[in-house]
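Reviewing the structure listed below.
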Amino acid sequence: MRRLKWYWGALVLACVALLAGFFVFFGSESQPGRPQPRQGPPGTGPLTVVAMGDSTVSGEGAGQYTPATNGQGGNWCHRSPNAFVDKIAVPGITAHVNLGCSGAPAEQVALGDVKQWTEPSQARQLAALVKDHRVAAVVIAVGANDEPKFSNQVTECFKAWFNPGGPACSTALKQSWQSKVDAMVPKVATAVSDVKKVLAAAGYVPADYQLILQSYAAPIGPDLPEDLRSLNGCPFRVEDLRWISQTGIGVLSAGLKAAAQQTGARFLDLAKAGVKHEACSGGANPATEWFTRLTLQLADLGQAERAGHALQESFHPNAAGHTAIANCVTEFIAAREGNASCLAGADGKLHPAPEVVAR
């Protein structure tokens, strides 16, 4: 009997020792020092939102450009402290970095040697940034300066206004616009993919950050006072304005959405974000407008190196427009998933309307 008691006692002690060894080796849920799943982006530095792309990102039209990007040394990126990225207000994000550059093509956003106004690849700039910043979100707007050459098309429509007896600029665009957008899509997809490569090389996984590709808002609409369809504000034909706002911008957005789908980025559609707030739509009250009218910097005309940029701000989101866009982007980032369209709510502000996915 004693031998049996001794046997069971030894067995209990052996089990206790085994369990003690198990917890010492593997630890427990409450044990201090046990590695926990990381919270958010890797590395050190402030939690950051980064904007990359062209003039709609840099803040062209929003004024108060940083001296280094306002012609200094040939740099005309026109980055403004009024740009939407600096107005994004997401809890926890304390740093806002604008890498956008006016006129930038997708190849300058991507990895490579393409420069824009003296500045190197934005993806390479991002690679340097992640060394001392923790990137929580990257917002990209690019593509309009590739095959669509949107600013060039606006210029052509401007010329058509001067020649009322000639063809409307939209006549030719109706035939070529879709093919131009189709040619743009792979370039944008490459740029977005290169951003992902940079972050992956820095140790990021997709769950660490949000990657957002946004489209463009129509800067001008057909419903504007006749006296402003002139050099006083918006010198364009009604038929051209109607095509740009109702067709051209929509086709461009569809192409950018395709690029987002190819790269796994979230898509934020701004095609209708400026409705009723386009340039010249306010008539005698331009304060209601979110886009600049025809803008000529007279002081620049007297300086040879600046004269060619005197009209550069025209038909871009102004400071009020960037504030409106920032509200939509802020809420979109906070939502964390899905696609959406920036639309005006009952409060007059832009909000992301979630995309309805067919089932």
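What you are looking at is a predicted structure, and each value in this text was computed from that prediction instead of being measured.
Follow the hydrophobic side-chain contacts under 4.5 Å out from V154 and you reach M184 in the same cluster. Transitive grouping of hydrophobic side chains (ILVMFWY, heavy atoms separated by less than 4.5 Å) keeps L228 and F162 in distinct clusters. Hydrophobic clustering (side-chain heavy atoms under 4.5 Å, transitive across Ile, Leu, Val, Met, Phe, Trp, Tyr) keeps V97 apart from V49. Using a 4.5 Å cut-off between side-chain heavy atoms of Ile, Leu, Val, Met, Phe, Trp and Tyr, with links allowed through other members, L213 and M52 fall into the same hydrophobic cluster. When the side chains of ILVMFWY residues are joined at heavy-atom separations under 4.5 Å, either directly or via intervening members, L99 and F84 end up in two distinct hydrophobic clusters.
You'll find the ring centres of F236 and F315 inside the 6.0 Å limit.
Looking only at distances, a side-chain donor or acceptor of N327 sits under 3.5 Å from a matching main-chain atom of L350. Judged purely by atom type and a 3.5 angstrom limit, R237 uses its side chain to pair as donor or acceptor with the backbone of A160. Although no hydrogens or angles enter the test, the distance criterion places a donor-acceptor pair under 3.5 Å between the side chain of R134 and the main chain of P41. Of the possible donor and acceptor atoms, one in the side chain of R124 sits under 3.5 Å from a partner among the backbone N and O of G112. The backbone N or O of A326 lies less than 3.5 Å from a partner atom in the side chain of T330, making a donor-acceptor pair. Between the side chain of Q210 and the backbone N or O of V138 there is no donor-acceptor pair closer than 3.5 Å. A distance-only check finds no donor-acceptor pair linking the side chain of K272 to the backbone of C342 [under 3.5 Å].
Side chains of N70 and R306 form a contact here, defined as non-hydrogen atoms less than 4.5 Å apart. For the pair N152 and F150, the minimum side-chain heavy-atom distance is 4.5 Å or more. Between I212 and I333, the closest side-chain pair of non-hydrogen atoms falls below 4.5 Å. Under the 4.5 Å side-chain criterion, counting only non-hydrogen atoms from C-beta, L231 is in contact with L294. Between D194 and V198, every side-chain heavy-atom pair lies at or beyond the 4.5 Å cut-off.
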Requested in this report: Carefully, step by step, assess T48 and H96 under the rule side chain to side chain contact (heavy atoms under 4.5 Å, CB included).
Outcome: CA-CA 6 Å; T48 306; H96 306 76; over 6 Å; no
Requested in this report: Apply salt bridge (charged side-chain N to carboxylate O under 4.0 Å, His left out) to the pair E107 and K115, showing each step before the final yes or no.
Outcome: CA-CA 9 Å; E107 285 185 312; K115 292 184 177 182; over 6 Å; no
**Report entry** Trace of the side chain to side chain contact (heavy atoms under 4.5 Å, CB included) decision for V205 with L199
**Finding:** CA-CA 8 Å; V205 297; L199 293 173; over 6 Å; no
Report task. Any chance you could lay out the salt bridge (charged side-chain N to carboxylate O under 4.0 Å, His left out) test for R293 and E313, step after step, and finish with the verdict? Result -> CA-CA 9 Å; R293 300 179 178 187; E313 297 174 283; over 6 Å; no
Requested in this report: Could you go through the side chain to side chain contact (heavy atoms under 4.5 Å, CB included) check for L298 and L301 one step at a time?
Outcome: CA-CA 5 Å; L298 292 173; L301 294 179; 4.0 Å; yes
**Report entry** side chain to side chain contact (heavy atoms under 4.5 Å, CB included) assessment of Q153 paired with W177
**Finding:** CA-CA 10 Å; Q153 308 308 336; W177 190 244; 3.9 Å; yes
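One distance of note links OG of S215 with CG of L270; it measures 5.0 Å at 0.5 Å rounding. Summarising the geometry, atom CG belonging to D54 is positioned 7.5 Å from atom OG belonging to S102; distances are rounded to the nearest 0.5 Å. For the atom pair CD (Q125) and CD (Q122), the distance works out to 6.0 Å, reported to the nearest 0.5 Å. The structure places OG1 of T69 at 6.0 Å from CG of N75, a figure rounded to the nearest 0.5 Å. To the nearest 0.5 angstrom, I325 atom CD1 is 8.5 Å from W290 atom CH2. For the atom pair E278 CD and D223 CG, the distance stands at 8.0 Å (nearest 0.5 Å).
Minimum heavy-atom separation, S121 to A110: OG-O, 2.7 Å. Across all their heavy atoms, K174 and W243 have their closest contact at CG-NE1, 3.4 Å. The two residues T56 and P317 have their closest heavy-atom pair at OG1-CG, 4.1 Å. When all heavy atoms of N82 and H322 are compared, the pair lying nearest together is O-CB, 3.2 Å. Of all heavy-atom pairs spanning L252 and V181, the tightest one is CA-CG2, 4.1 Å. Taking both residues in full, the closest heavy atoms of Q262 and A189 are given as OE1-CB, 3.7 Å, listed atom of the first, atom of the second, then distance.
Between W76 and H309, the two ring planes are parallel [angle under 30°; tilted spans 30° to 60°]. Between Y65 and H78, the ring-plane angle classifies as parallel under the 30° and 60° cut-offs.
Side-chain atoms of E289 and H277 include no donor-acceptor pair closer than 3.5 Å. Between the side chains of S55 and S58, no donor-acceptor pair is found at a separation under 3.5 Å. A donor-acceptor pair shorter than 3.5 Å cannot be found between the side chains of N318 and T292. Residues S80 and Q64 have side chains that never bring a donor and an acceptor to within less than 3.5 angstrom of each other. A donor atom on one side chain and an acceptor atom on the other are found under 3.5 Å apart for D182 and Q178. When only modelled atom types and interatomic distance are considered, S170 and D240 share a side-chain donor-acceptor pair under 3.5 Å.
In this structure, D113 places its CG atom where only 12 or fewer heavy-atom neighbours from other residues, nucleotides or ligands lie under 6.0 Å away. For E305, the CD atom counts as densely surrounded, since its 6.0 Å shell holds more than 12 non-hydrogen atoms of other residues, nucleotides or ligands.
Shown here are the ring-ring contact (aromatic ring centres under 6.0 Å, His included) partners of Y216, two or more places apart in sequence or in another chain: there are none.
Within the cation-pi definition used here (under 6.0 Å to the ring centroid, within 45° of the axis), R266 qualifies as a partner of F332.
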What side-chain donor-acceptor pairs closer than 3.5 Å can you find for residues 141-149, not counting sequence neighbours?
{"unit_1": "N145", "atom_1": "ND2", "unit_2": "A104", "atom_2": "O", "d": "3.1"}
{"unit_1": "D146", "atom_1": "OD1", "unit_2": "A106", "atom_2": "N", "d": "3.4"}
{"unit_1": "D146", "atom_1": "OD2", "unit_2": "A106", "atom_2": "N", "d": "3.0"}
{"unit_1": "E147", "atom_1": "OE2", "unit_2": "K187", "atom_2": "NZ", "d": "2.7"}

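The pair E239-R242 does not meet the salt-bridge criterion, since no charged nitrogen lies less than 4.0 angstrom from a carboxylate oxygen.
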